[in-house]
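In listed order, ligands and their atoms are each counted from 1.
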Amino acid sequence: MSDWKHRHIIDLATFSLKDYESVLELAHRFEEIPSTGKRKLPALQGRLVTTLFFEPSTRTRSSFELAAKNLSADVQSFSPSSSSLNKGETPLDTALTYVAMGSDVLIVRHRSTTVPEQLAKALDLTGKKTAVLNGGDGLHSHPSQGLLDLYTLAQHFQPEKPTPNALKGRNITIVGDILHSRVARSNLWALTASGADVTLCGPPSLLPEEFESFVKAPPPGQKNDPIKKRGKIKVLRNLSEGLRDADAVMALRLQRERMSQNLITDINQYHQEFGITHERLKVCKKNVVVLHPGPVNRGIEISSNLLDDNSISLVEKQVRNGISIRMALLYLITAN
Ligand code: CP
């Protein structure tokens, strides 16, 4: 892992294939640890990890905290509702307060796209060693979710050796509210880097046509794409067409809290057109699997029966894999 170069993890756009391989390989090793009987590893002993979530979270925050504890770190969390944000303190000053208390890693979630990146830049400028890990910023990026989704798929296609290469030539369909989804954006970088072809499917109000060229230009702030050859992206409006020959389908939550206008007029109509059910999966490949990053609106983006059908649904596995992926990320950014 000595060629790991990222001091902070803000966006998967800057990840090389080697970066993806390093994270997945380490997560695979960490996943095997509980079966040896050693629950905790000493890797982060004496380090302080702070979860700084300005937006709600169940999975990301709890699994980062568990991951940090599994590596023997001390863990500190923050509750926005009872914090000095209410007295007018800015998110940046709040974060710097935790840095002053000695935090080695800040895991930051915020509704504004720029907060984790601004914080990382501020720390670099002042020579502070604290690392920033983006726990989800606005519509922009959710790198740990993109990586755990990649790992879950690699594990499904190639259980003995879950590498990014396991996705080469696979058809992955992402359905629903792509516009408001940082998960979809992180998945687009990760899946195309691994050589998968991605079909995006949803109504025009939630899936602008421009997503077809999402990975065509070099990633923001970079002259060249670190990935030589990416898989393709296409946009389709009809679910049956979008699901045809899919190896895996990812349903996304309708993020009504981020919709400034009434982009969906009839939720039942939406389910009829874009809801994933057993019946609708019949046009996919035979052993198709279904993912959802959670939280789920049962019966809207996915039927309740399908969500609970563990012969097809990988949702529980996604949650479990979140722990080993986040252990790998914490290990890698604190190793140097
Ligand atoms: N997938 C995801 O980010 O879930 P939480 O909002 O519960 O963290």
*Which atoms of ligand 1 sit under 4.0 Å from any heavy atom of Q145?*
1 (N), 2 (C)
*Should you measure from each heavy atom of T58, which atoms of ligand 1 turn up under 4.0 Å away?*
5 (P), 7 (O), 8 (O)
*Under a 4.0 Å heavy-atom limit, does R109 contact ligand 1 with its side chain, its backbone, both, or neither?*
side chain
*When you look at T60 and S144, which way does the side-chain contact (heavy atoms from CB on, under 4.5 Å) test go after all the steps?*
CA-CA 8 Å; T60 312; S144 64; 4.2 Å; yes
*Just by distance, do the side chain of R7 and the backbone of T130 share a donor-acceptor pair under 3.5 Å?*
yes
*Given side-chain contact (heavy atoms from CB on, under 4.5 Å), test M250 with N187 step by step and report yes or no.*
CA-CA 10 Å; M250 183 181 298; N187 266 286; 3.6 Å; yes
*asked:* Below 3.5 Å, N or O to N or O, backbone or side chain included: is there any such pair between G294 and ligand 1?
replied: yes
_Residues that F15 engages under ring-ring contact (aromatic ring centres under 6.0 Å, His included), provided they are two or more places apart_ = W4, H6, Y20
_Need the ligand 1 atom indices (1-based, order shown) with element for anything under 4.0 Å from a heavy-atom of T60._
2 (C), 3 (O), 4 (O), 5 (P), 8 (O)
*Any N/O pair R61/ligand 1 closer than 3.5 Å*: no
*asked:* Suppose we measure from atom 7 (O) of ligand 1 to each protein heavy atom; which comes out shortest, and what is that distance?
replied: R59 NH1, 2.6 Å
*Does the side-chain hydrogen bond (donor to acceptor under 3.5 Å, both in side chains) test come out yes or no for T152 and D149, once each step is laid out?*
CA-CA 5 Å; T152 304; D149 292 339; 5.2 Å; no
*Summary of ring pair (Phe, Tyr, Trp, His ring centres under 6.0 Å) pairs that have at least one residue in residues 192-211, sequence neighbours excluded*: F211-F214
*Which ligand 1 atoms does P293 reach within 4.0 Å, using its non-hydrogen atoms?*
1 (N)
